[in-house]
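Below is one structure, written out as structure tokens; the observations come after it.
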Amino acid sequence: MPDSVHRSDDTPAFVQLVLGLVRRIPAAKVMTYGDVAEFLERGTARQVGAVMAGYGSEVPWWRVVNASGRLPEHLRGEAAANYLAEGTPYDLEREKVRLAGCRWDGSR
DNA sequence: AGCCTGACAGATA
DNA sequence: GTATCTGCCAGGC
């Protein structure tokens, strides 16, 4: 097949790639939506967000945050509890993860 | 087809 | 620091 192979790959394949990676994020570490897309070399941050919105409950979803280290309003409470439990650097005042201290690059 | 929405992100003011 | 705008791309109507 000529070119258009590396396209936005939607569908179950992309979903599984995302969920699979999120499951590999170590405790006390996080990745941003953009990091996930970049690491997989597929899709965009926005698409990753769409997957999380639909299937996030199946994985440690609090380990994927936006570029500011935050999650939408309705999830912050649950997320905070998990950060506290696993020792993720979390700013309770601003309700956001301090990415500088726990961003995961995919390596171990 | 068009228009809007969304667990996003970078640039700019 | 916050607010806005633009680009992004899939899905729903």
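Numbered from 1 within each chain, the chains take letters A, B, ... in sequence-line order.
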Figure out the CG/C1' separation between A/L99 and B/dA9, and round it to whole Å. 13 Å
Rounded to whole Å, how long is the line connecting atom CZ of A/R42 with atom C1' of C/dC9?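 For the pair A/R42 CZ and C/dC9 C1', the rounded distance is 16 Å.
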Could you tell me the separation between the CH2 atom of A/W104 and the CD1 atom of A/I25, rounded to the nearest 0.5 Å? 6.5 Å
Could you go through residues 81-89 of chain A and list every donor-acceptor pair under 3.5 Å that involves a side-chain atom there, pairing it with any protein atom two or more places apart or in another chain?
unit_1, atom_1, unit_2, atom_2, d
A/N82, ND2, A/E78, O, 2.9
A/Y83, OH, A/W62, O, 2.6
A/E86, OE1, A/W62, NE1, 3.1
A/E86, OE1, A/R63, NH2, 3.1
A/E86, OE2, A/A28, N, 2.8
A/E86, OE2, A/R63, NE, 3.1

What closest approach, in Å, do A/G43 and A/A37 show between heavy atoms, and which atom pair accounts for it?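 Shortest heavy-atom separation between A/G43 and A/A37 comes out as O-CB, 3.7 Å.
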Heavy-atom pair of closest approach, residues A/Y33 and A/L71: OH-CD2, 3.3 Å
A/N66 side chain to A/R70 backbone, donor-acceptor under 3.5 Å: yes
Could you tell me how far C/dC13 sits from B/dA1 if I compare only their C1' atoms? Round to whole Å. 13 Å
Using the C1' atom in both, what is the distance from C/dG7 to B/dG6, to the nearest Å?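 15 Å, rounded to whole Å.
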Using a heavy-atom cut-off of under 4.0 Å over every strand shown, decide if A/S68 touches base, sugar-phosphate, or nothing.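 Result for A/S68 = nothing.
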Where do N or O atoms of nucleotides 5-7 of chain B meet protein N or O atoms at under 3.5 Å, pair by pair?
unit_1, atom_1, unit_2, atom_2, d
B/dG6, N9, A/R46, NH2, 3.1
B/dG6, N7, A/R46, NH2, 2.7
B/dG6, N1, A/R46, NE, 3.2
B/dG6, N3, A/R46, NE, 3.4
B/dA7, N6, A/M52, O, 3.1
B/dA7, N3, A/Y33, OH, 2.9

Qualifying salt bridge (charged side-chain N to carboxylate O under 4.0 Å, His left out) pairs with a residue from residues 97-108 of chain A, counting only residues at least two apart or across chains: A/D35-A/R103
